[in-house]
Amino acid sequence: MNKAMLYDTYDETTLKKLQKIELDILKEFDEICDKFNLEYFLCGGSAIGAVRHQGIIPWDDDIDVGMNRKDYDKFLEIARQNYSDKYTVVNNETNEMFPLMNTRWGLNGTTFKTKDLKDVPGEFGVFLDIFCFDNIPNDEAKMKKQGTAAWFYGKLLVLSGVPSPVLYISGWKKSIVLFVSRCAHTAFKIFKLSPRFFYKKAKKYAVQYQNEDTDRMAYMFDPERFTSIVYKKDIYPTKKMKFESFEARVPQKIESYLTQRYGDYMTLPPEDKRHNHPPFQLNLGE
């Protein structure tokens, strides 16, 4: 990996094959959600791709979708009960060593183990990244209290399972953060604090307002706090938008969502600001 870059490059053939598999997974996911009346929406870079490229960002190597807690939990149960012959649900509920708060819905018979998870045991197929958006209170002070606590334990979750996380920074800052990360990881090992311990703590705060009627929801575990806060009225009802060879669901006010999240999302970022998910192991099932 070039030290000046924040992403790994693939040969074009491999990347296209990977993206094709991920698109097929998204199509089946979309069909399942339609069948069981579940809402989802493209989020993050995939939402940018839908607007700017009418599909996957050319250098991207994954697809991101968001779901509210109710539909997220329903989908995971349906996936485990009805689709486990083809796909594997990977999250901390199914693998206590998994150090992330999202779910990776992986295609059986393939392998896409990212560098940050190279030391984590388990099967990791080419995946769809599913992010759960939880209710946050309308009161700003309460929201910040909830979000900070959830985010903090989410970061400890990562460090408990990953001694050297992949960082989208470089130079002396990266060296310092990696040193602190390794020290924290070692301390957690000594005191036998497992990823499951921190996952439960993080989830407790994430679902704190799940039974309240709130105007907003958020995915609370981005690298920076309060990055993925959305108004429900900007998301629902979702709408269909062209995404490669079919139409996927996106936020109702996708331009507002993207402007709030990224600012100028239509301008291609310079190469040193692009990122993806460098594979430690990659097998496309061939």
Side-chain angles (χ1 to χ4, degrees), residues 6 43-45 64 66-69 72-73 76 90-104 114-120 129-170 172-212 214-231 260-262 275 277:
L6 301 182
C43 62
D64 303 327
M67 305 182 86
N68 63 49
R69 173 65 64 176
Y72 177 85
D73 286 343
L76 295 183
V90 180
N91 55 33
N92 192 270
E93 302 274 353
T94 64
N95 179 352
E96 65 181 1
M97 299 305 293
F98 188 71
L100 305 174
M101 289 300 295
N102 54 296
T103 288
R104 291 182 173 179
T114 51
K115 286 183 179 178
D116 54 335
L117 303 184
K118 66 183 181 64
D119 297 320
V120 177
D129 239 340
I130 308 174
F131 298 89
C132 183
F133 281 66
D134 284 292
N135 284 349
I136 58 174
N138 297 333
D139 181 90
E140 204 70 7
K142 290 182 179 179
M143 180 279 290
K144 289 183 176 179
K145 183 177 180 181
Q146 175 203 20
T148 298
W151 180 87
F152 174 73
Y153 282 112
K155 296 304 115 184
L156 296 185
L157 165 64
V158 173
L159 294 180
S160 68
V162 179
S164 300
V166 173
L167 302 172
Y168 300 119
I169 56 176
S170 58
W172 63 269
K173 290 183 179 180
K174 181 175 183 178
S175 298
I176 292 175
V177 173
L178 285 176
F179 174 75
V180 173
S181 298
R182 294 185 189 108
C183 290
H185 179 79
T186 300
F188 295 152
K189 289 288 187 183
I190 292 173
F191 291 102
K192 301 186 186 311
L193 296 176
S194 69
R196 177 63 56 83
F197 172 81
F198 293 112
Y199 170 80
K200 288 181 177 180
K201 291 282 190 180
K203 185 177 178 181
K204 181 183 77 170
Y205 286 102
V207 302
Q208 188 174 359
Y209 295 94
Q210 67 174 332
N211 295 320
E212 295 190 17
T214 66
D215 294 334
R216 300 178 296 175
M217 60 184 184
Y219 175 72
M220 303 178 203
F221 306 102
D222 286 314
E224 300 292 335
R225 291 180 301 162
F226 315 129
T227 302
S228 295
I229 295 175
V230 299
Y231 280 91
Q260 179 180 331
R261 178 81 161 78
Y262 297 102
H275 68 84
H277 304 79

Arg261-Thr227 side chain donor-acceptor pair, cut-off 3.5 Å: no

Once ring pair (Phe, Tyr, Trp, His ring centres under 6.0 Å) is applied, do any residues pair with Phe98, and if so which ones, sequence neighbours excluded? none

Heavy-atom nearest pair, Tyr262 first then Gly44, reads OH-CA, 3.0 Å

Is it the case that the side chains of Asn138 and Arg216 hold a donor-acceptor pair, with the cut-off being a distance below 3.5 Å and no angle test? no

Atom NZ of Lys115 and atom OG of Ser164: how far apart are they, to the nearest 0.5 Å? 12.5 Å

Quick one: OH on Tyr219 to CG on Asp134, what's the gap to the nearest 0.5 Å? 10.5 Å

Quick one: does Arg196's side chain have a donor or acceptor within less than 3.5 Å of a partner on Asn92's backbone? yes

Lys200 side chain reached by Lys204 side chain, heavy atoms, under 4.5 Å: no

Provide the closest heavy-atom pair for Asp64 versus Gly45 in the form atom of the first, atom of the second, distance. OD2-N, 4.1 Å

Can you see which heavy atom on Lys189 is nearest to which on Ser160, and at what distance? CE-O, 4.5 Å

Side-chain touch Asn102/Ile130, heavy atoms, less than 4.5 angstrom: no

Would you give the length of the straight line joining atom CG of Leu157 to atom CG of Leu193, rounded to the nearest 0.5 angstrom? 12.0 Å

Quick one: pull up CG in Leu156 and CH2 in Trp151 and give me the separation to the nearest 0.5 Å. 9.0 Å

Donor-acceptor contact below 3.5 Å, side chain Gln146 vs main chain Asn135: yes

Crowded around Phe226 CZ? As in, over 12 foreign heavy atoms under 6.0 Å? yes

What's the spacing between Thr94 OG1 and Glu96 CD if we round to 0.5 Å? 10.5 Å

Taking only residues two or more places apart in sequence or in another chain, which ones pass side-chain hydrogen bond (donor to acceptor under 3.5 Å, both in side chains) with Asp116? Thr114

Please say whether more than 12 non-hydrogen atoms of neighbouring residues, nucleotides or ligands are located less than 6.0 Å from NZ in Lys155. yes

What's the separation between atom NZ in Lys203 and atom CZ in Phe221, rounded to the nearest 0.5 Å? 10.5 Å

Other residues, nucleotides and ligands only: do more than 12 of their heavy atoms fall within 6.0 Å of CD on Glu140? yes

Any side-chain heavy atom of Met220 sitting closer than 4.5 Å to one from Ile136? yes

Measure the shortest side-chain to side-chain distance between Asn91 and Arg104 over non-hydrogen atoms and say whether it is less than 4.5 angstrom. no

Of all heavy-atom pairs linking Ala206 and Ala150, the shortest is N-CB, 4.2 Å

With a 4.0 Å cut-off on N to O distance, would you call Glu212 and Lys142 a salt bridge? no

Less than 6.0 angstrom separating the ring centers of Phe131 and Phe133, yes or no? no

Could you check whether any side-chain heavy atom of Asn95 comes within less than 4.5 Å of a side-chain heavy atom of Met97, counting everything from C-beta outward? yes

For residues Thr214 and Met143, determine if any side-chain heavy atom of one lies less than 4.5 Å from a side-chain heavy atom of the other. no

Side chain to side chain, Thr103 and Tyr72, heavy atoms closer than 4.5 Å: yes

Close side-chain approach of Leu178 and Arg182, heavy atoms under 4.5 Å: yes

Would you tell me whether Tyr199 and Glu93 have side-chain atoms, one donor and one acceptor, within less than 3.5 Å of each other? yes

List the atom of Asp119, the atom of Pro163, and the distance in Å for their closest heavy-atom pair. OD2-CG, 4.2 Å

Qualifying residue for ring pair (Phe, Tyr, Trp, His ring centres under 6.0 Å) with Phe198, from Phe191, Phe152, Phe188: Phe188

